[in-house]
Amino acid sequence: MSPATSSTSTSSTGNDWLTMVAVSALACVLQDVLHEGLGHGVTAWLSGAHQITMSTVALQSDIDSRWIAANGTLVNLAAAAVLWLLLLRPERYRPVMRYFLVLALAGNLFTGTGYFLFSGVVNFGDWKQVIDGLHPYWLWRTALIVLGAASYYASALLMAAKLRPFQGRDRRTLRWVCWTPYFTDGALAGVAALFSPLGLFYMIASALPSTLGANSGLLWLPSLIYRGSRDEEGLRIPRSIPWIIVGAVTSLTFIFVLGRGITWSR
């Protein structure tokens, strides 16, 4: 590869940008499908729903319950626990796979804990449905806010430890590592939501807050991680054609198939 070609495919930090975008997209899709599909969808189906429609922004069914509302978040947190166990021995994985597992952990943790805070503050979303009708209501909302803030910050500390090996020599590398998934997730979720049968409201009220809001920790993680310049190089993410292809195909499916909604009936 010539120097000119290399400069177009690799960022100034030494990481391959296309591979980072592909890995970020796959982690985003995994978190969303776990939340809407395995969490809300499977729970609704097992609860006796006769028809469910799953899209990238919401799960619609002909029945509703606290368990259906809660299980999207609970599945994300359960997935985060599994991913954390897989990362107990991170040296087993090549850098690209390790980066994917760390981003998947971040997405599930930030979504799971961030939803408590989001629903408590704005009185909207899954956990608003969970506490609806419970008294005193103000106390339940306050509990959600406290739980969400504490667990989100704890998640950020954990993610700082998991992403620190990717730091490299300076703060700029950390920004690439943390900000690439943030903006990739926001763009992917926003574009997919444009095709949602639920309309523009759910893109504004659900898709963007659940990605840009829930993942906002990625924006300030570089400041939490950075401990001054280092002499040694951190882990580097090389160009991976298989990851790029799988990421592109998965993203297109997420936008044009799941974005429009998939309906199951019985």
Could you tell me the separation between the OG1 atom of Thr180 and the CH2 atom of Trp17, rounded to the nearest 0.5 Å?
-> 7.5 Å
Stepwise, does the side-chain contact (heavy atoms from CB on, under 4.5 Å) test hold for Gln129 with Ile68?
-> CA-CA 9 Å; Gln129 293 178 258; Ile68 294 173; over 6 Å; no
Given ring-ring contact (aromatic ring centres under 6.0 Å, His included), test Phe100 with Trp243 step by step and report yes or no.
-> CA-CA 10 Å; Phe100 168 74; Trp243 279 93; 5.5 Å; yes
Connected via hydrophobic side-chain network under 4.5 Å: Leu218 and Leu157 | yes
Please report the shortest heavy-atom distance between Leu30 and Ala104, naming the atom on each side.
-> CD2-CB, 4.0 Å
Minimum heavy-atom separation for Val130 to Arg66, with atom names?
-> O-NE, 2.5 Å
Looking at Trp176 and Tyr99, what are the two nearest heavy atoms and their distance?
-> O-OH, 4.4 Å
All heavy atoms of Ala189 vs all of Thr211, minimum pair found to be CB-CG2, 3.4 Å
Pair Tyr115 + Trp127: ring centers closer than 6.0 Å = no
Decide if atom OH of Tyr153 counts as having more than 12 heavy atoms of other residues, nucleotides or ligands within a radius under 6.0 Å.
-> no
Taking the side chain from His50 and the backbone from Arg266, do they hold a donor-acceptor pair closer than 3.5 Å?
-> no
Quick one: does Leu224's side chain get under 4.5 Å of Leu221's, heavy atoms only?
-> yes
Kindly compute the distance separating CD1 (Ile131) from CH2 (Trp140), expressed to the nearest 0.5 Å.
-> 8.0 Å
Using modelled atom types only, decide if a donor and an acceptor are shared between the side chain of Arg164 and the backbone of Tyr226 within a distance under 3.5 Å.
-> no
Does any N or O in the side chain of Ser216 come within less than 3.5 Å of the main-chain N or O of Gly213, such that one atom is a donor and the other an acceptor?
-> yes
Starting at CD of Gln167, measure out to OG1 of Thr173 and round the result to the nearest 0.5 Å.
-> 8.0 Å
Answer yes or no: is there a side-chain heavy-atom contact under 4.5 Å between Thr53 and Leu59?
-> no
What are the two closest heavy atoms between Ser119 and Leu144, and how far apart are they?
-> CB-CD1, 4.4 Å
Between atom CG of Leu77 and atom OG of Ser155, what is the distance when rounded to the nearest 0.5 Å?
-> 8.0 Å
Would you tabulate the side-chain donor-acceptor contacts of residues 80-97 under 3.5 Å, counting partners in other chains and residues two or more places apart, or write 'none'?
{"unit_1": "Arg92", "atom_1": "NE", "unit_2": "Arg89", "atom_2": "O", "d": "3.3"}
{"unit_1": "Arg92", "atom_1": "NH2", "unit_2": "Leu86", "atom_2": "O", "d": "3.1"}
{"unit_1": "Tyr93", "atom_1": "OH", "unit_2": "Leu86", "atom_2": "O", "d": "2.9"}

Do Pro222 and Trp179 come within less than 4.5 Å of each other through their side chains, counting heavy atoms only?
-> yes
Check the side chains of Trp67 and Ser47 for a donor-acceptor pair under 3.5 angstrom, ignoring hydrogens and angles.
-> no
Under 3.5 Å, is there a donor-acceptor pair between the side chain of Thr19 and the main chain of Ser240?
-> yes
Linked, directly or transitively: Leu105 and Trp220 (ILVMFWY side chains, under 4.5 Å) = yes
If Ile, Leu, Val, Met, Phe, Trp and Tyr residues are connected whenever their side-chain heavy atoms lie under 4.5 Å apart, and connections chain through other members, are Ile63 and Leu46 in the same group?
-> no
Could you tell me whether the side chain of Ser223 reaches within less than 4.5 Å of the side chain of Arg171, counting heavy atoms only?
-> yes
Linking I/L/V/M/F/W/Y whenever any side-chain heavy atoms sit under 4.5 Å apart, do Leu158 and Leu219 land together?
-> yes
Taking side chain as C-beta onward, heavy atoms only, is Ile262 less than 4.5 Å from Ser55?
-> no
Rounded to the nearest 0.5 angstrom, the CD1-CG distance for Ile244 and Leu18 is 5.0 Å
Does any N or O in the side chain of Trp264 come within less than 3.5 Å of the main-chain N or O of Gln51, such that one atom is a donor and the other an acceptor?
-> no
Would you check if the side chain of Tyr182 reaches a backbone N or O of Leu212 as a donor-acceptor pair within less than 3.5 Å?
-> yes
Criterion side-chain contact (heavy atoms from CB on, under 4.5 Å) on Met159 and Leu103, from CA distance to verdict | CA-CA 9 Å; Met159 295 319 307; Leu103 292 188; over 6 Å; no
Joint cluster assignment, Val257 & Leu252, ILVMFWY side-chain distance < 4.5 Å = yes
Between Val121 and Arg141, what is the shortest heavy-atom contact and its length?
-> O-NH2, 2.9 Å
Does some side-chain heavy atom of Leu194 sit less than 4.5 Å from a side-chain heavy atom of Ser196?
-> no
Short side-chain to backbone donor-acceptor contact, Asn71 and His40, under 3.5 Å | no
Here the side chain to side chain donor-acceptor pair (under 3.5 Å) pairs for residues 245-260, sequence neighbours left out, are none
Are Asn108 and His35 linked by a side-chain donor-acceptor pair shorter than 3.5 Å?
-> no
Phe254 side chain near Leu188 side chain, heavy-atom distance below 4.5 Å | yes
How many angstroms lie between CG in Asp32 and CG in Asn76, if you round to the nearest 0.5 Å?
-> 9.0 Å
